[in-house]
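The structure appears below as structure tokens.
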Number of protein chains: 2
Amino acid sequence: MLNPLLFYKALADDTRLKSLLLITEQQELCVCELMTALDQSQPKISRHLAQLRKANILQDRRSGQWVFYSLHPALPAWANQVLQQTLLANQSYLAPCRQQLTLVSGRPVEQACC
Amino acid sequence: MLNPLLFYKALADDTRLKSLLLITEQQELCVCELMTALDQSQPKISRHLAQLRKANILQDRRSGQWVFYSLHPALPAWANQVLQQTLLANQSYLAPCRQQLTLVSGRPVEQACC
DNA sequence: AATGAATATATGATTATTCGCATATTTAGC
DNA sequence: GCTAAATATGCGAATAATCATATATTCATT
């Protein structure tokens with residue numbers, strides 16, 4: 001029960017769109033990982049992630065001092081497909097962020113498939 | 001070469017999203033058809049369509065006194081798929097508009113497939 | 001319990017979008 | 001050429017979204 005208008009409003013911001021696409025690709029990311037990937041301030045990242053969480057697009061999971069965000073399991077299939085297609089077809093939009101992305105837990109950075 | 005952020009900004013407005021989805025479904029629509037379908041003023045519809053045209057998402061074609069808008073032929077495949085999926089998966093969002101839609105040329109109103 | 005790192009939120013200022021209204025433009029029919 | 005219908009645009013007002021800064025919270029470490 002996610003209204004398409006609310007969904008696209010959530011995507012209509014550079015910080016939120018890049019965060020969402022990176023999370024779609026990497027399964028889950030924490031605030032500080034997105035801070036360095038997008039080179040944005042902590043309150044800015046946190047605020048936008050909170051917005052996506054309130055819209056039921058993301059879920060969060062606390063692990064010690066970190067809070068990891070991932071796609072909400074109840075996200076409609078069509079929304080999921082929209083994110084996947086946008087990710088695959090717009091690698092150049094995301095490339096600079098992925099390059100700056102370093103994961104705090106040491107796990108490897110996922111590469112776009114294909 | 002349509003930036004995903006610009007594309008989603010274009011979808012992040014009720015008037016524009018409904019117009020785009022209706023056009024995706026009906027192939028092409030003119031301003032006055034969208035006015036009645038969405039129950040909005042002429043300048044409002046016209047202004048939003050102009051915005052979509054400037055973003056290279058729509059193209060326009062004049063036929064007598066009417067200007068018909070359709071999806072731009074150079075619209076990237078991923079954007080096209082996003083529109084199609086959004087349309088198919090959100091019939092209830094569009095239903096009231098489609099119900100009020102009457103075509104000036106007398107051609108039949110397309111129904112959502114499936 | 002004190003400190004520091006990571007995250008969240010409150011708030012006022014700034015900026016971007018949208019709107020309504022008035023008016024201009026284009027075309028068809030007379 | 002005049003009028004009416006359809007469409008487009010200019011402009012200031014209203015609304016919404018975003019931002020930076022400051023501060024609060026939570027947890028691990030000592």
Side-chain angles (χ1 to χ4, degrees), chain A residues 3 5-20 22-23 26 28-70 100-107, chain B residues 3 5-20 22-23 28-70 101-107:
Chain A
N3 181 288
L5 178 59
L6 295 181
F7 180 65
Y8 289 123
K9 281 195 177 195
L11 302 201
D13 172 271
D14 191 60
T15 301
R16 288 196 299 272
L17 183 56
K18 282 176 176 158
S19 297
L20 258 176
L22 279 178
I23 289 171
Q26 305 292 326
E28 66 174 8
L29 291 172
C30 67
V31 177
C32 65
E33 289 168 339
L34 287 167
M35 284 175 59
T36 62
L38 305 194
D39 193 29
Q40 297 288 341
S41 73
Q42 181 273 320
K44 185 169 173 179
I45 297 287
S46 178
R47 162 179 232 74
H48 282 295
L49 291 177
Q51 215 174 317
L52 293 170
R53 176 168 33 86
K54 275 166 199 153
N56 285 320
I57 296 173
L58 292 182
Q59 72 175 168
D60 62 345
R61 163 181 85 84
R62 179 174 276 277
S63 173
Q65 48 198 155
W66 297 312
V67 175
F68 286 94
Y69 285 85
S70 55
Q100 282 186 228
L101 177 63
T102 46
L103 305 183
V104 292
S105 63
R107 70 210 132 95
Chain B
N3 181 287
L5 178 58
L6 295 181
F7 180 65
Y8 289 123
K9 280 195 177 193
L11 302 200
D13 173 89
D14 192 59
T15 301
R16 288 196 300 271
L17 182 56
K18 281 175 177 156
S19 298
L20 259 176
L22 280 178
I23 289 171
E28 66 174 9
L29 292 172
C30 66
V31 177
C32 65
E33 289 168 338
L34 287 167
M35 282 175 60
T36 62
L38 304 195
D39 193 31
Q40 297 288 339
S41 74
Q42 182 273 321
K44 184 169 173 179
I45 298 288
S46 177
R47 159 171 250 104
H48 283 295
L49 291 178
Q51 214 173 318
L52 292 170
R53 177 167 33 87
K54 277 167 197 151
N56 285 320
I57 295 173
L58 292 182
Q59 71 176 171
D60 62 344
R61 165 180 84 86
R62 178 173 277 277
S63 172
Q65 50 197 154
W66 298 311
V67 175
F68 287 94
Y69 285 86
S70 54
L101 178 64
T102 47
L103 304 183
V104 291
S105 63
R107 70 209 133 95

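Throughout, a chain's letter reflects where its sequence line sits, starting with A, and its residues are numbered from 1.
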message: Below the 4.0 Å mark, does D:dA8 have OP1 or OP2 next to a side-chain nitrogen or oxygen of B:Tyr69?
response: yes
- prompt: Nearest-Å distance, CG (B:Leu29) to C1' (D:dT7)?
  reply: 15 Å
message: Can you tell me which nucleotide in C:dT11, C:dT26, C:dA8 comes closest to the side chain of B:Arg62?
response: C:dT26
query: How close or far is atom C1' of D:dC19 from atom CZ of A:Arg16, stated in whole angstroms?
result: 13 Å
- line: Whole-Å distance, A:Arg61 CZ to D:dC27 P, equals 14 Å
query: Are the side chains of A:Gln100 and A:Thr36 in touch, meaning some heavy atoms are under 4.5 Å apart?
result: no
task: Give, for atom OG of B:Ser41 and atom CG of B:Leu38, the distance between the pair rounded to the nearest 0.5 Å.
output: 10.5 Å
query: Closest nucleotide of DNA chain D for A:Gly64 versus for A:Asp13: which of these residues is on the 5' side?
result: A:Asp13
Side chains of A:Leu34 and A:Thr15 in contact at under 4.5 Å (non-hydrogen atoms): no
Minimum side-chain heavy-atom gap A:Phe68-A:Glu33 below 4.5 Å: yes
Options D:dA17, C:dT9, D:dA8, nucleotide nearest the side-chain atoms of A:Pro43: C:dT9
side-chain N/O A:Ser46 vs C:dA8 OP1/OP2, d < 4.0 Å: yes
query: From the list C:dT9, C:dC19, C:dA6, which nucleotide is the closest neighbour of the side chain of A:Trp66?
result: C:dA6
message: Between A:Gln40 and B:Asp60, which residue's closest nucleotide on DNA chain D lies nearer the 5′ terminus?
response: B:Asp60
task: Could you tell me whether the side chain of A:Lys9 reaches within less than 4.5 Å of the side chain of A:Leu5, counting heavy atoms only?
output: yes
field: Interatomic distance where NZ belongs to A:Lys44 and C1' belongs to C:dT7 [whole Å]
entry: 17 Å
message: By the 4.0 Å heavy-atom rule, please label B:Gln51 as base, sugar-phosphate, or nothing.
response: sugar-phosphate
- prompt: With respect to the side chain of B:Ala50, which nucleotide from D:dT9, C:dA8, C:dT17 is positioned closest?
  reply: D:dT9
- line: note: B:Leu6, atom CG; C:dT17, atom P; distance rounded to Å ~ 10 Å
message: What contact category does A:Gln65 fall into here, base, sugar-phosphate, or nothing, at under 4.0 angstrom with non-hydrogen atoms?
response: sugar-phosphate
- prompt: To the nearest angstrom, how far is B:Glu33 atom CD from D:dA6 atom P?
  reply: 11 Å
- request: Ignoring backbone atoms, establish whether B:Lys9 has a side-chain N or O less than 4.0 Å from OP1 or OP2 of C:dT17.
  value: yes
statement: Taking D:dA17, D:dT9, C:dA8 as options, the one with an atom nearest any side-chain atom of A:Val67 is C:dA8
- line: Testing C:dA8, C:dT11, D:dT9 for proximity to the side chain of A:Arg47, the answer is C:dT11
- request: Can you measure from CD (A:Glu28) to CG (A:Leu103) and round to the nearest 0.5 angstrom?
  value: 10.0 Å
- request: Just compare D:dA8, C:dC19, C:dA8 and give me whichever is closest to any side-chain atom of B:His48.
  value: C:dC19
query: Can you check the A:Phe68 CZ to D:dT26 P distance for me, whole Å?
result: 19 Å
task: Find the distance A:Met35:CE to C:dA6:P and express it as a whole number of Å.
output: 8 Å
message: I'd like to know if B:Gln42 reaches the base of D:dA8 with its side chain, counting only an N/O donor and acceptor under 3.5 Å.
response: yes
